[in-house]
Protein chains: 2
Amino acid sequence: MNKCDQCIVRQLSSLKALNKEEVVKLANSKKTYTIKKGEAIFEEGEITNGVFCVKDGVGKLSKLSANGKDQIVKLVKSGELLGQRSMISNEPANLSAKAVADMEVCFIPKSEIIDFFNNNNQFSMNLMQSICEDLKESDNDKIALAQKTVKQRLAETLLYLHDVFGEDADKSLRVHLTREELAGMIGTATESCIRLLSDFNKLELIELVGKKIVIKDIKALKKLAE
Amino acid sequence: MNKCDQCIVRQLSSLKALNKEEVVKLANSKKTYTIKKGEAIFEEGEITNGVFCVKDGVGKLSKLSANGKDQIVKLVKSGELLGQRSMISNEPANLSAKAVADMEVCFIPKSEIIDFFNNNNQFSMNLMQSICEDLKESDNDKIALAQKTVKQRLAETLLYLHDVFGEDADKSLRVHLTREELAGMIGTATESCIRLLSDFNKLELIELVGKKIVIKDIKALKKLAE
DNA sequence: GAATTACTATGACAATTGTCATGTAAAAAA
DNA sequence: TTTTTTACATGACAATTGTCATAGTAATTC
C-alpha cells in the first residue's frame, strides 16, 4: 500500500531523510502521473504549488528564448526532484519541464514539503544541498559556455550523457535526444551541432548509427573537451 | 558594543531572521576583515569553514579557466553573504572571491550558521531562498550566454551594473571594472569588449570618459539587449 | 620627473559559428 | 502503400568573434 517506502526517489533524493511517519504522510498526499515523451510536466510561468518526484524516465528543464530556440538548462533522471526552486522562491516556474523519454512522476503538494522542511532538519539540509549542487553545476556550465568552443562543449556533453545515462545494449547512448535538443544543451545552432557530430564521426571519436550515437573514444573526447 | 545589530548585512541577508540572542552570539563569534581592491577573500579550492558577510564594497566571484581567462560568475555587494554554497555542500570553494572595490567583510564560522539553520526555521528558509535566487540568476545567465550575442550581453550587463550599483556624481557607473573584468562578466575577449564599447560610444548609447562609462540611452540599450 | 607597468584602443586577419538553401532519409499519417 | 511530415545532413556564404600586432594613454614606481 505504502508505495513511497520503496520508491527510488525516496532513496536518492532529499526525501531519504523522512521517517516512517512522514513517509506515510507523503504516500497519502502524493499523486502519480504518467507523462509521454514530448509532453510537459509544467510550463514556464505556471504556478506548480509543489514538487514533482521523477520515478522513471528522463526530463528536460528548458526555456524558450527570444530567438525561438529552446535552451535546455538541465536534464533530470529518476530519483530527482523537479520544481523545488520555484516552490521555495514562491514564484511561477522559470523553466518548462518536459519528458525526453516516457516518465512516471509523483506530485507532492507544497504544504507537505514545507512541513517536512520545518520539522526535519536533515530533510531541510538535504534539500538545501541538492539546490547547492544545482547551483554549482549551473555556475560551471556558465563558465563552459563563456570560455569553451562549441566543439569542446559538444565533447563535454556527449561524455556527460554517456556518464550519467549510460548506454544501451548496442553501445549507443541511452538517452535519445534529437540533434536539435543536443544543440539546445550546448547552446548552438542545430546545423552546427550536426556538422560537428559528422566531424567527430569522421575522426572516429563517435559513431553515428542512424539517429543513435555511439561513444567510441572517451579519452580523445576528454582531451578535446579540456 | 553589539555591532551586528545595526549592520546592513543583518537587515538585508538571511541573517535578518535572527533573534536578539542569536545576534549576540553572532557578534561574539564573527571576525571583521578589511580587503583592499584586488585582494582575495578566498581562493578557488580553499576550505573556508564559514561564510563572509559583505559589510561594504564590491566583490567578484570568479573562476580561472583553462585558457587563462578569469570568468566572473557573480558580483556581490554589501548586504550579501559569500561562500554559502561551498559551506553547505561541505566542499572547498568552487570560485575565488576577490575585491573589486575596497571591502569590509565579517567572517562567521560554519558552526554558528549550522546552529542557526537547525534552530531557526525562518533563517533556514531565508538562506534557502537566497541560494534559490542565485540559482535562478545563474540559469538565466546561462541562457543569455547560449542564446545572445556578445553585443546583447554587453548591453544587458551595462544595464545591470547601472541598475544594481548606480552611478557616481558625474553620472558614470559606480562600480569600476576594468575592460578585462567586464569582458570576463560577459564571456568574451577583452578586445571584443573594448571594440563594442567604442561602437556603443559612437552610437551615443554610452559615453566613455577616460576609463569611466556613462550610460546615456537606457531605452536603446534595453532594446539592443532583447 | 623619468621610467616602468598596466590599461585602453584599433587595425588586420583568421577562425568559429550562424543562416539560408537544398537534398535525403526516416517516421508518421492518410 | 503512398503521402506527408519530421529529422538529419551538407554546401555556400555571411556575420560574429577571437587572436596577434601595435600604439597611445594613464597610473605607479623609482
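Values below: every heavy atom of this structure, side chains too, minus hydrogens, waters and symmetry copies. In this text the structure is predicted, and so the values were computed from the model without any measurement. Residue numbers start from 1 in every chain, and the chains themselves are labelled A, B, ... in the order their sequence lines are given, proteins ahead of strands.
At a threshold of 4.0 angstrom between heavy atoms, the contacts of Lys69(B) are confined to the sugar-phosphate backbone, with no base atom among them.
The pair Glu226(B)-Lys223(B) fails the salt-bridge criterion, with no side-chain N (NZ, NE, NH1 or NH2) lying under 4.0 Å from an Asp/Glu carboxylate O.
Where DNA chain C meets chain A (any atom under 4.0 Å from a heavy atom), the bounding nucleotides read 5' to 3' are dT17(C) to dC20(C).
The heavy-atom pair separating Cys193(A) from Arg179(A) by the smallest distance is SG-O, 3.8 Å.
Both Asn67(B) and Thr190(A) lie near DNA chain D, and the one whose nearest nucleotide falls closer to the 5' end is Thr190(A). Residue Cys193(A) is the one, among Cys193(A) and Lys211(A), whose nearest nucleotide of DNA chain C lies closer to the 5' end (criterion: closest heavy atom). Nearer to the 5' terminus of DNA chain D, by closest-nucleotide assignment, is the contact made by Leu196(B) (compared with the other of Leu196(B) and Glu191(B)).
When only modelled atom types and interatomic distance are considered, Lys216(A) and Asn201(A) share no side-chain donor-acceptor pair under 3.5 Å. For the residue pair Arg153(A)/Thr157(A), the side-chain donor-acceptor check at 3.5 Å is not satisfied. A side-chain donor from one of Asn94(B) and Lys63(B) sits under 3.5 Å from a side-chain acceptor of the other. Neither side chain, Ser78(B) nor Asp56(B), offers a donor N or O lying under 3.5 Å from an acceptor on the other.
Heavy atoms of other residues, nucleotides or ligands lying less than 6.0 angstrom from NZ of Lys16(B) number more than 12.
For DNA chain D, the neighbouring residues in residues 169-185 of chain A, judged by any heavy atom under 4.0 Å, are Thr178(A), Arg179(A).
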Q.
Test side chain to side chain donor-acceptor pair (under 3.5 Å) on Asp139(A) and Ser138(B); report intermediate values, then the result.
A. CA-CA 6 Å; Asp139(A) 281 345; Ser138(B) 186; 2.9 Å; yes
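Rounded to whole Å, the distance from CD1 on Ile213(A) to P on dA7(D) is 15 Å.
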